[in-house]
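Scroll down for the structure; my scribbles are underneath it.
Reckoned from all heavy atoms, side chains included, excluding hydrogens, waters and symmetry mates. Please read these numbers as outputs of a predicted model, since none were measured by experiment.
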Amino acid sequence: YIHKRPFLLYPNTHNICCMQKQYIAQKAIVLDETKTKILLSKYIDGKYLPKKLNGKFCMPGGRMEFGESPDNALIREIQEETGITVTPGKPIYIWNWQYKREDDDIHIVAIARICTYKNGTIKQKIQEEGETTLDIARWVDLKNIEIHNMVADEQPAITLFLEQQQ
């Protein structure tokens with residue numbers, strides 16, 4: 001669902017307009033078959049949030065398209081980014097963030113979900129998307145996850161997941 005509401009930057013002018021857009025996104029904590037590793041990607045470039053994203057690890061996932069079910073959206077996003085297919089599981093954490101994209105104010109509401117590997121192999125190429133470029137995804141042992149190297153907004157989801165594994 002995308003919420004669009006125009007507002008005027010300058011109340012007395014009608015030719016300068018900005019849109020407020022709201023999106024729903026999902027990120028996945030994807031467990032491998034042994035349930036000892038999770039799938040992570042790494043941002044090479046974040047066009048609108050370079051200080052926040054560049055060089056940081058992240059969970060795979062992305063925005064839902066209009067009319068798409070949550071499960072199908074998550075399966076599609078992970079397939080597009082990594083090449084693997086997952087079985088979506090339960091939500092574990094919800095957060096949001098905002099940023100400026102050209103003339104638009106963007107608000108993302110994100111849901112982290114636990115997923116399990118179903119099949120496929122990781123794409124061996126860098127993934128260039130509209131707003132970001134991701135390095136090749138990789139399996140990371142749960143014991144070797146360095147929370148401080150994750151995107152800050154995703155750190156609480158990973159921390160909560162790791163605490164529940166103990």
- prompt: Can Glu131 and Tyr99 be said to form a side chain to side chain donor-acceptor pair (under 3.5 Å), step by step?
  reply: CA-CA 12 Å; Glu131 295 182 16; Tyr99 64 97; 2.6 Å; yes

message: Contact between Ile122 and Trp139 at the side-chain level, heavy atoms closer than 4.5 Å - yes or no?
response: yes

Below 3.5 Å, can you tabulate the donor-acceptor pairs from side chains in residues 107-117 to any protein atom, sequence neighbours excluded?
residue	atom	partner	partner atom	Å
His107	ND1	Gln22	NE2	2.7
His107	NE2	Asn96	OD1	3.2
Arg113	NE	Gly89	O	2.9
Arg113	NH1	Gln26	OE1	2.9
Arg113	NH1	Asp71	OD1	3.1
Arg113	NH2	Asp71	OD1	2.5
Arg113	NH2	Gly89	O	3.0
Tyr117	OH	Gly120	N	3.2
Tyr117	OH	Gly120	O	2.6

task: For Ile78 and Ala28, work out which heavy atoms get closest and say how close.
output: CD1-CB, 3.3 Å

query: Would you find a donor on one side and an acceptor on the other, under 3.5 Å apart, between the side chain of Glu68 and the backbone of Glu65?
result: yes

field: Shortest non-hydrogen separation from Glu128 to Thr133 and the atoms involved
entry: CG-CG2, 3.8 Å

statement: In terms of heavy-atom contacts, Ile92 and Gln164 come closest through CD1-OE1, 3.5 Å

- prompt: Any side-chain heavy atom of Thr159 sitting closer than 4.5 Å to one from Ile147?
  reply: yes

message: Quick test of your reading: applying ring pair (Phe, Tyr, Trp, His ring centres under 6.0 Å), list the pairs with at least one residue in residues 142-166, sequence neighbours left out, ordered by first then second residue.
response: none

- prompt: Under 4.0 Å between a Lys/Arg side-chain N and an Asp/Glu carboxylate O for Lys37 and Asp141?
  reply: no

task: Could you pull out the closest heavy-atom pair between Met59 and Lys27, with the gap in Å?
output: O-NZ, 3.1 Å

message: So Glu81 and Leu134, do their side chains get closer than 4.5 Å, heavy atoms only?
response: yes

message: According to ring pair (Phe, Tyr, Trp, His ring centres under 6.0 Å), who are the partners of Tyr93, at least two apart in sequence or on a separate chain?
response: Trp95

Which atom of Ile158 lies closest to which atom of Met150, heavy atoms considered: CG1-CE, 3.7 Å

Side chain Lys123, main chain Glu80, donor-acceptor under 3.5 Å: yes

Nearest heavy-atom neighbours spanning Thr82 and Ala137: CG2-CB, 3.8 Å

